[in-house]
Amino acid sequence: MSTTVDIPRFVQAKQVEALPPPNLARGPVAWIRENLFSGPFNTILTLVVFYLLYVSVPPLMKFLFIDAVWSGTDRAACRADMGGRETGACWAFIRDKISYFTYGSYTVSERWRVDIFFALLAIGVGWLLWLRAPRRDLGAIYFFWLFPVFSYILLTGGNADFSGRFWIGFLILGALLVALLAFLAVILKASLRTALIIGGGIVGVIGITLALMDMDFGLRHVPTALWGGILVTLLVATVGIVFSLPFGILLALGRRSKLPIVRMASVIFIEFVRGVPLITVLIMANTMLPLFLPGDMTVDRLMRPLIGTAFFASAYMAEVVRGGLQAMPKGQYEGAQSLGLSYPQMMILIILPQALRIVIPGIVNTFIGLFKDTSLVAIVGIFDLVKTIEASRIDPNWAAPSISLTGYAFAALFYFIFCFGMSRYSLGVERRLASGHKR
Amino acid sequence: MTAQTIQTAAIDPKAEAAIQLIDVHKWYGEFHVLRDINLSVRRGERIVICGPSGSGKSTMIRCINRLEEHQKGRIIVDGTELTNDLKRIDEVRKDVGMVFQHFNLFPHLTILENCTLAPIWVKKMPKKEAEEIAMHYLKRVKIPEQANKYPGQLSGGQQQRVAIARSLCMSPKIMLFDEPTSALDPEMVKEVLDTMVGLAEEGMTMLCVTHEMGFARQVADRVIFMDYGQIVEMNTPDEFFKNPQHERTKLFLSQILH
């Protein structure tokens, strides 16, 4: 028996040229057969899905569009017994109430201010989210400093009317902060000049902000109790989103810190806030926050749930970011350290850009959750969009069978548009960021 | 306290030694990784460290730029003693470049950005100047045309050469190499070794953990053999390969030199 191998059959005698791939393009019939009816199980599934679509989509379309009532001034349009049609959605109701859904009870003559706020918000969001926009650094200053200050003045009317004592207190605190930074600089042997510039800058920015808030622009004061609808929903969501990411990053870094006190504080905050339902956090923020503060200090009733939701989202965000930090290979830290980068430089330039990219899906997931959770502020008496719909659907002027359904359909549409938008945007960012690093 | 003062005073910053390790010990938990290491490296000296895996070679050179902390003994790098003082650690890291087995390039930055990052942020160099220096060193490691690509688009050998260029951009006085060719395809080992030989010929102080014995013969002034966290043998390459003293060294050499 011979074990010799027939070598010429296995070894290529000539170099094989690269060939184009076999033609994969096929017609729609082939696609359908391959994807929808490839086997008995798949065929059954396809038929079941088609049946479910047949059962659900046409009635929905019929209710939302075909049978819908588009115009009318009161319930008569949507009631069969009063000459209208009652099988479809009553969009006339939404059209009639849209300004209430948008502004809540905001003083009617001052609603232009809310419109400007929406426009400013759209500019800021567009500037920051459009990745190729010019001067995004200015965009960040606009969005994180100018926009909040202007919004505060526009929406409340400004003229906070700080007392002389307040300003003296501010000056003392500011001087203390600068002194503290200078002291730290001396202890850490860092540059004293930089410390003074940073300290002066912080105090200056806060001072300008407070002065602007104090200034009288002749705008009428609109108390937050009157705000409502989409205005409040967007406000709570924006503050929550803007606040939760940086604060969540700090908490995540704190939880991984080597300093036991910082670590313990972060862990306690995260676990406590995360281990409690949002409704509890909101009620606690509403009723307990004033107890912790000195007697003469009050926190605005809209501010309390704002702080509550922002903290709540931060705790979730911290855990998402921690996941990203843990996925970073040790070599990245060592590479950065061996080049002499300091801890903040290493984190900001090397670790966080990569870690945050890994967890974009988780971050957006938290944002979307937060956006929908804003509807819970209604529990402490804030009139967000859902609450305004709730209040309107029992309006006797619009008592009709389809009113509730229409109102909730409108809320669903509103939330879906925003959440779907966030989802698509994050997918786009992921794709863009991934493109540079793949082979 | 007085003894401490006297010892500190005994360190002469202008001394010839670039690196001094004096009675260095290190433990990982209960495990004694480095046991009484004493080593003095002159300026411009090239040292190759070899030994079986787990013998503490990597740990030793990682102690020199404080990626690992030693628990006993003293390490003095270029006149600066490594303690818990962060300022001194930063000082030492500025002067000590390191090349890793797995390159540790930053995947989200281009090759050029990888090279200019530390000069710009640590040395506060203007961007333009940093880029000129980076291009100079990228030319030296023979990949200037890749400057605007990302690390993931380069071969292993090219990535390791970028890592060397990245360290050189900080104009270090000492270079540490931690098994720089161990993760490379055989075809790419030579290009990295050639770069290192070029560096050695220019008089860079180098500590290199490697099993490339050809490289050791060609450039090393001394070869160190480590086992069980100790320096077991130290000799010139000629003597080390021809005339190993220790039993463990003989066994090791017979296994890697076939």
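Proteins come first, then strands; the chains are lettered A, B, ... in the order of their sequence lines, and each starts at number 1. None of these values were measured; they are calculated from a predicted model.
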| With B:His136 via ring pair (Phe, Tyr, Trp, His ring centres under 6.0 Å) - residues at least two apart | none
| Got a sec: does the CD of B:Glu202 have more than 12 other heavy atoms crowding it under 6.0 Å? | yes
| Proximity breakdown for B:Leu105 and chain A, heavy-atom pairs closer than 4.5 Å | backbone
| note | Separation between CG (B:Asn104) and CD1 (A:Ile350), nearest 0.5 Å, reads 11.0 Å
| task | Verify, without hydrogens or angle tests, whether A:Gln337 (side chain) and B:Asp90 (backbone) share a donor-acceptor contact under 3.5 angstrom. | result | no
| said: Which residues in residues 115-134 of chain B have any heavy atom closer than 4.5 Å to a heavy atom of chain A? | reply: B:Leu117, B:Ala118, B:Trp121, B:Val122, B:Lys124
| message | With a 6.0 Å cut-off (strictly less than), is the heavy-atom count around CZ of A:Arg256, excluding the residue itself, greater than 12? | response | yes
| query | When rounded to the nearest 0.5 angstrom, what distance separates OG in A:Ser338 from CZ in B:Arg166? | reply | 6.0 Å
| query | Should we count CZ of A:Phe183 as having more than 12 external heavy atoms under 6.0 Å? | reply | no
| Largest heavy-atom contact set with chain B, pairs under 4.5 Å, which of A:Gln332, A:Gln345, A:Lys330 | A:Gln332
| query | Can you name the residues that form a salt bridge (charged side-chain N to carboxylate O under 4.0 Å, His left out) with A:Arg132, not counting sequence neighbours? | reply | none
Using a 3.5 Å cut-off and no angle test, enumerate the donor-acceptor pairs between side-chain atoms of residues 93-103 of chain B and protein atoms at least two apart in sequence or in another chain.
unit_1, atom_1, unit_2, atom_2, d
B:Arg93, NE, B:Asn65, O, 3.0
B:Arg93, NH2, B:Arg66, O, 2.9

